[in-house]
Visitor: 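Let me begin by handing over the structure; questions about it come next.
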Amino acid sequence: MSIPLSIKWDGKRLIILDQQKLPHEVVYIELEALKDVYEAIITLKVRGAPAIGITAAYGLAREAQSYNTNSMIDFLEILKKDATYLGESRPTAVNLVWALNRLLSVASHIDNVQIAKQVLIEEARRIHKEDEESCRNIGEFSLSLLKDKTRVMTICNAGSIATAKYGTALAPFHLGKERGKEFEVFACETRPIFQGGRLTVWELQQSGVDVTLITDSMAAHTIVAKGIEAIIVGADRIAKNGDTANKIGTLNLAILASVYGIPFYVAAPSSTFDLSINTGAEIPIEERKAEEIININDKAIAPSNTKVFNPAFDVTPAKYITAIITEKGIIYPDYIENISAELLNSIEKGEGL
Ligand code: MRU
């Protein structure tokens with residue numbers, strides 16, 4: 001039993017787990033050209049907010065090794081153009097532009113092209129390593145919140161394969177397993193791309209966590225019938241007031257948690273906070289192709305000319321969120337007061353707010 005990883009860097013090559021092929025095949029592929037990285041992100045071969053950021057960082061740093069110039073001005077210009085290109089692959093997860101901006105920022109402080117190339121690789125590795133540490137801490141804080149609870153529901157895949165390791169919402173289950181705490185996880189299948197059924201179930205099975213699959217429409221009944229004690233989800237972008245974008249269907253679960261009086265937790269690293277926006281109304285929501293809804297496994301389940309609305313994410317208003325679990329500590333309402341740049345840098349470990 002082991003926790004699966006989705007991104008590997010061997011010093012020169014960027015290798016990712018092709019999540020499109022799960023759970024049937026476990027295939028790792030190398031991403032070489034920048035357009036391969038863009039394509040892998042847009043087609044969800046690699047997905048999940050932190051994993052997208054890490055992949056883009058390695059992709060950009062790797063591409064920069066081939067820039068044929070000794071002028072730092074030209075180097076930065078090409079770097080910015082490539083970062084903009086990758087940054088447009090998916091609009092909702094803020095970790096993508098956050099990671100690319102980190103690379104642009106470190107390069108802008110260097111005045112030698114050869115050194116800049118080296119520094120970019122180091123920064124991408126740092127982003128990767130930091131995310132693993134963040135997820136481990138999120139797991140610790142989540143375990144402290146879930147200490148007397150075992151039956152937990154989740155949606156999408158906010159797991160190890162959506163991050164560097166451990167995941168955010170799934171981190172307590174992996175860590176709990178290591179320590180002998182047995183959770184019963186209920187995974188919503190997550191239409192239309194089935195990240196819950198294909199990825200979360202597979203991932204938790206890999207590390208021996210007890211997981212039960214339900215369809216999204218079974219959530220309300222399951223909360224009652226199985227005595228669900230908490231819901232925990234990941235996030236793609238969190239506004240200053242705590243409003244949180246996450247996979248479509250998350251809002252339904254938050255409303256159900258409120259109706260049934262169970263806690264609704266969001267687990268996310270500080271790289272998922274966007275302090276430039278005040279509320280969730282400012283979060284861009286990705287709309288994806290109609291085919292994702294009309295077809296399942298390339299087989300039509302509705303007429304091919306069906307009119308479709310396919311938003312990939314929804315925004316959960318902060319009022320439904322019991323707490324936001326970050327790598328630095330647990331943030332409680334009032335979020336407008338408690339989420340701030342200072343706070344993200346300074347919350348005391350374990351203290352909560
Ligand atoms: O479209 P996806 O699969 O990239 O959506 C992923 C999610 O919504 C996750 O919950 C979120 O990115 C957090 S991953 C730790």
Side-chain angles (χ1 to χ4, degrees), residues 2-22 25-67 75 78-79 82-83 85-87 89-90 93-107 110 113-138 157-168 170-171 174 199 203 206-207 269-272 327:
S2 66
I3 303 173
L5 302 179
S6 68
I7 304 163
K8 298 179 183 176
W9 172 258
D10 71 358
K12 281 204 163 63
R13 295 182 310 150
L14 170 58
I15 293 155
I16 60 149
L17 174 64
D18 184 347
Q19 297 190 33
Q20 269 184 350
K21 295 214 159 54
L22 288 172
E25 289 176 72
V26 180
V27 178
Y28 284 87
I29 52 171
E30 184 181 352
L31 302 180
E32 292 187 72
L34 202 66
K35 70 166 179 25
D36 297 340
V37 178
Y38 180 93
E39 192 264 352
I41 294 174
I42 208 165
T43 58
L44 311 187
K45 288 190 171 96
V46 58
R47 32 72 44 208
I52 294 170
I54 297 162
T55 304
Y58 279 129
L60 183 65
R62 200 191 157 288
E63 183 73 9
Q65 306 306 306
S66 66
Y67 296 169
F75 183 87
I78 314 170
L79 190 70
D82 285 346
Y85 167 68
L86 283 184
S89 54
R90 293 196 74 190
V94 76
N95 308 59
L96 173 62
V97 280
W98 169 86
L100 294 167
N101 282 340
R102 255 180 79 160
L103 262 60
L104 290 176
S105 169
V106 290
I110 311 285
V113 167
Q114 288 318 313
I115 296 174
K117 287 183 178 179
Q118 187 54 35
V119 161
L120 285 171
I121 298 281
E122 284 161 15
E123 191 64 11
R125 293 183 89 134
R126 199 169 294 124
I127 289 170
H128 193 178
K129 189 163 173 289
E130 282 174 11
D131 189 62
E132 178 172 335
E133 284 161 15
S134 291
C135 289
R136 207 183 157 88
N137 286 338
I138 288 170
N157 172 271
S160 183
I161 60 173
T163 61
K165 193 176 176 185
Y166 301 109
T168 55
L170 300 193
H174 289 303
L199 309 178
E203 175 179 322
Q206 298 307 299
S207 58
S270 40
S271 52
T272 302
E327 77 277 24

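Please read all numbers here as calculations on a predicted model, not as lab measurements.
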Visitor: In Å, rounded to the nearest 0.5 Å, how long is the span from CD of Glu122 to CD1 of Ile115?
Guide: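 Between Glu122 CD and Ile115 CD1, I get 10.5 Å after rounding to 0.5 Å.
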Visitor: What's the separation between atom CD1 in Ile7 and atom CD1 in Ile52, rounded to the nearest 0.5 Å?
Guide: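 Ile7 CD1 to Ile52 CD1: 9.5 Å, rounded to 0.5 Å.
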Visitor: My understanding is that only residues two or more places apart in sequence, or in another chain, count here; which of them pass salt bridge (charged side-chain N to carboxylate O under 4.0 Å, His left out) with Asp82?
Guide: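 For Asp82 there are no salt bridge (charged side-chain N to carboxylate O under 4.0 Å, His left out) partners, ignoring immediate neighbours.
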Visitor: Taking only residues two or more places apart in sequence, or in another chain, which ones meet Tyr28 in a ring pair (Phe, Tyr, Trp, His ring centres under 6.0 Å)?
Guide: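 Ring pair (Phe, Tyr, Trp, His ring centres under 6.0 Å) list for Tyr28, sorted by chain: empty.
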Visitor: Say you draw a straight line from OG of Ser271 to CG of Asn101; how long is it, rounded to the nearest 0.5 Å?
Guide: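 CG of Asn101 is found 12.5 Å from OG of Ser271.
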Visitor: I want to check something: taking the side chain as every heavy atom from C-beta on, are Ile15 and Leu31 in contact at a cut-off of under 4.5 Å?
Guide: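 They are not in contact (no side-chain heavy atoms under 4.5 Å apart), so the answer is no.
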Visitor: Sequence neighbours left out, what passes ring pair (Phe, Tyr, Trp, His ring centres under 6.0 Å) with His128? Give chain and number order.
Guide: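 Here the qualifying residues are Tyr58.
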Visitor: Using the side chain to side chain donor-acceptor pair (under 3.5 Å) criterion, which residues pair with Arg47? Sequence neighbours excluded.
Guide: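 Testing Arg47 for side chain to side chain donor-acceptor pair (under 3.5 Å), a comparison that skips the adjacent residues, returns Gln19, Asn157.
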Visitor: Applying salt bridge (charged side-chain N to carboxylate O under 4.0 Å, His left out), can you list everything that pairs with Lys21, at least two apart in sequence or on another chain?
Guide: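 Salt bridge (charged side-chain N to carboxylate O under 4.0 Å, His left out) list for Lys21, sorted by chain: Asp18.
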Visitor: Using side-chain heavy atoms (C-beta onward) and a distance below 4.5 Å, is Trp9 in contact with Ile54?
Guide: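 No. Closest side-chain heavy atoms not under 4.5 Å.
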Visitor: With Glu39, which residues qualify under side chain to side chain donor-acceptor pair (under 3.5 Å), at least two apart?
Guide: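 So Glu39 forms a side chain to side chain donor-acceptor pair (under 3.5 Å) with Lys45.
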Visitor: Could you list the residues that satisfy side chain to side chain donor-acceptor pair (under 3.5 Å) with Arg125, not counting sequence neighbours?
Guide: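 Once residues adjacent in sequence are excluded, Arg125 has no partner under the side chain to side chain donor-acceptor pair (under 3.5 Å) criterion.
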Visitor: Identify, with sequence neighbours excluded, every residue that meets salt bridge (charged side-chain N to carboxylate O under 4.0 Å, His left out) alongside Lys129.
Guide: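 With neighbours one apart ignored, the set is Glu133.
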Visitor: Rounded to the nearest 0.5 Å, what's the gap from OH on Tyr67 to NZ on Lys117? Could you check?
Guide: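 Answer for the OH-NZ pair, Tyr67 versus Lys117, is 9.5 Å.
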Visitor: For Ala49, enumerate each residue passing the side-chain contact (heavy atoms from CB on, under 4.5 Å) test, keeping only those at least two apart in sequence or located in another chain.
Guide: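 By the side-chain contact (heavy atoms from CB on, under 4.5 Å) rule, Ala49 matches Ala93, Asn95, Asp236.
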Visitor: Under a 4.5 Å cut-off applied to non-hydrogen side-chain atoms, are Ile16 and Thr55 in contact?
Guide: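 In contact.
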Visitor: I'd like to know if the side chain of Ser2 pairs up with that of Gln206 as donor and acceptor (distance under 3.5 Å, no hydrogens or angles considered).
Guide: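 Side-chain D/A pair, Ser2 to Gln206: absent.
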Visitor: Could you check whether any side-chain heavy atom of Ser160 comes within less than 4.5 Å of a side-chain heavy atom of Tyr166, counting everything from C-beta outward?
Guide: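 When only atoms from C-beta onward are counted, Tyr166 and Ser160 do not touch, as no gap falls below 4.5 Å.
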Visitor: Please identify each residue that fulfils side chain to side chain donor-acceptor pair (under 3.5 Å) with Glu30, with sequence neighbours left out.
Guide: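 Once residues adjacent in sequence are excluded, Glu30 has no partner under the side chain to side chain donor-acceptor pair (under 3.5 Å) criterion.
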Visitor: For Glu123, check salt bridge (charged side-chain N to carboxylate O under 4.0 Å, His left out) against everything at least two apart and list the hits.
Guide: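 Listed in chain order: Arg102, Arg126.
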Visitor: Would you say that Leu17 contacts Val27 through its side chain, given a criterion of any heavy-atom pair below 4.5 Å between the two side chains?
Guide: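 No, too far: nothing below the 4.5 Å cut-off.
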Visitor: When you compare the side chains of Gln114 and Gln118, does any donor N or O come within less than 3.5 Å of an acceptor on the partner?
Guide: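 Gln118 and Gln114 do not have a side-chain donor-acceptor pair below 3.5 Å.
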Visitor: Could you list all the ring pair (Phe, Tyr, Trp, His ring centres under 6.0 Å) pairs where at least one residue sits in residues 30-51, not counting sequence neighbours?
Guide: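 Non-adjacent pairs meeting ring pair (Phe, Tyr, Trp, His ring centres under 6.0 Å): Tyr38-Tyr85.
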